[in-house]
Student: 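The following block contains the structure, expressed as structure tokens.
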Amino acid sequence: MKGRIFSGVQPSGSLHIGNYLGMIRNAVALQADYECIYCVVDLHAITVRQEPEELRAQTREVTAAFLASGIDPKTSIIFNQSQVAAHAELAWIFNCVARLGWLNRMTQFKEKAGKHRENASAGLYVYPALMAADIMAYKATHVPVGEDQKQHLEFTRDVALKFNHDFGADFFPIVEPLIFGAATRVMSLRDGTKKMSKSDPSGYSRIDMTDGPDLIAQKIRKAKTDPEPLPGPEALAADGLSLSSEVAVARPEAFNLLSIYASLARKPLSEALRVFGGVQFSDFKRQLTEVAVEHLGPIGTEMQRLMADPGYVDGVLRDGAERADAIAGPILREVQDLVGFLRVK
Ligand code: AQP
């Protein structure tokens, strides 16, 4: 094994292909080489208001997505965060290690809090400290994430280093992000400059993992484009792998749809550009629909089947929580000793 993986998905709405291509599909592949811990991060989800019944349903939905995508609950650990106390306990200690200046730099808080910063929950502000605790409670070495989470991982490294320094111990490892695939940042289908997100009020901004073929086709048909035919290989950057930044900025929707296609079809972006350069969007969209339906269809069907069997899903989470607790509990106790908490039991 090359190390220990921790990664999480919030049960804060319907899962979409951004979550799938940015994280879940990579999480499946990593099982071959790493010890994997995959978490439904319900403590993170309540940093914005969630309806209790929906939160429970979405927790089962994320679990179903993990299972249907190919995460094996026998070899990997799948659980929901609130059921392992070490996350919240270590997060408090990290709140006291992290500096306000570090939190003030976090762009995700700025994006999510928007103009109503004063009304955002305190939890949303200290979210990165909880994320650091999630990872460090298991001394995870690698975290597969989409591009959007890179800054939070840097924060995790800073907290781990400061903890090690403050308490004079070489205790926490320095975690590495694993960001790979042609779609590390999938953008909204309605606006190629905005990240595809569960909390976007428009269902047409994303393809959900449970969407059936007709809905997938409809959403792709309605996806925003521009009047030009698709760009070809001449739009590649000097590295021959990514799109030149001028084209990516000028034609964000074309770039997004081509990246989604390349990622779903498991082809390099350069090949997608070669095949579709000069083609009209309407023709390309038909092929994109085909590959999306072929890839997501079986996963969506299996998710629906699993969601209709909550007893099984809850059993997977229960078993996972016990196994997660057995790893995180002893690490937390060592942290408490380092910090100086008096143990009386
Ligand atoms: N658009 C995206 N492209 C690539 N990867 C993405 N991820 C999320 N959106 C995209 C990756 O999916 C994993 C789980 O994300 P999350 O549920 O923890 O939270 P998020 O990043 O805040 O996702 P959303 O969909 O935008 O949710 P809301 O709207 O609730 O905030 C992460 O690894 C993330 O990188």
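When a ligand or atom number is given, it counts from 1 through the structure's own listing order.
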Student: Report yes if K112 has an N/O atom closer than 3.5 Å to an N/O atom of ligand 1; otherwise report no.
Tutor: yes
Student: Under 4.0 Å from any heavy atom of S12, which atoms of ligand 1 are there?
Tutor: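 Answer for ligand 1: 30 (O).
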Student: Given the side-chain rings of F79 and Y38, with only the six-membered ring counted for Trp, is the space between their centroids under 6.0 Å?
Tutor: no
Student: Using a 4.0 Å cutoff against the non-hydrogen atoms of H16, which atoms of ligand 1 qualify?
Tutor: 9 (N), 25 (O)
Student: Is there a nitrogen or oxygen of D148 sitting under 3.5 Å from a nitrogen or oxygen of ligand 1?
Tutor: yes
Student: Using distance alone, decide if ligand 1 has a nitrogen or oxygen within less than 3.5 Å of any nitrogen or oxygen in E147.
Tutor: no
Student: Are D200 and K194 within salt-bridge range, i.e. N to O under 4.0 Å?
Tutor: yes
Student: I'd like the name of whichever of V9, N19, V62 reaches closest to atom 15 (O) of ligand 1 through any heavy atom.
Tutor: N19
Student: Decide if atom NZ of K110 counts as having more than 12 heavy atoms of other residues, nucleotides or ligands within a radius under 6.0 Å.
Tutor: yes
Student: With the side chain counted from C-beta on, respond yes when F109 and R117 share a heavy-atom pair under 4.5 Å apart, and no when they do not.
Tutor: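 Of all side-chain heavy-atom pairs linking R117 with F109, at least one is under 4.5 Å.
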Student: For ligand 1, which atoms, with element, lie under 4.0 Å from some heavy atom of M23?
Tutor: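 So the answer, numbered in order with elements, is 12 (O), 13 (C), 33 (O).
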Student: With ring centroids as reference points, do F94 and H87 lie under 6.0 angstrom apart?
Tutor: no
Student: P144 versus ligand 1: do any nitrogen or oxygen atoms come within less than 3.5 Å of each other?
Tutor: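 No, P144 has no N/O under 3.5 Å of an N/O on ligand 1.
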Student: Pairs of nitrogen or oxygen atoms closer than 3.5 Å, one from M196 and one from ligand 1: do any exist?
Tutor: yes
Student: Which is closest to atom 2 (C) of ligand 1 in terms of heavy atoms, N26, V186, L21?
Tutor: V186
Student: When the ring centroid of F163 is compared with that of F167, is the distance short of 6.0 Å?
Tutor: yes
Student: Hey, is G13 one of the residues with a heavy atom under 4.0 angstrom from ligand 1?
Tutor: no
Student: Of all the atoms in ligand 1, which lie at a distance below 4.0 Å from a heavy atom belonging to G22?
Tutor: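 Once the distances to G22 are compared, the set is 4 (C), 5 (N).
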Student: Taking only heavy atoms of S197 into account, list the atoms of ligand 1 that are under 4.0 Å away from them.
Tutor: 24 (P), 25 (O), 26 (O), 28 (P), 29 (O)
Student: Can R323 and D319 be counted as an ion pair, charged N to O under 4.0 angstrom?
Tutor: yes
Student: Output yes when D191 and K224 qualify as a salt bridge under the 4.0 Å nitrogen-oxygen rule, no when they do not.
Tutor: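 No, no charged N to carboxylate O under 4.0 Å.
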Student: Measure centre to centre between the rings of F6 and H142, then say whether the value is under 6.0 Å.
Tutor: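 Between F6 and H142, the centre distance exceeds or equals 6.0 Å.
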Student: So that I can tick it off, tell me whether R56 and E53 are bridged by a salt bridge, with the cut-off set at under 4.0 angstrom between side-chain N and carboxylate O.
Tutor: yes
Student: Just jot down the ligand 1 atoms closer than 4.0 angstrom to any heavy atom of S199, in number order.
Tutor: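 So the atoms of ligand 1 that pass are 28 (P), 29 (O).
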Student: Would you indicate which of Q108, K195, R185 comes nearest to atom 20 (P) of ligand 1 when only heavy atoms are counted?
Tutor: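 The residue whose heavy atom sits nearest atom 20 (P) of ligand 1 is K195.
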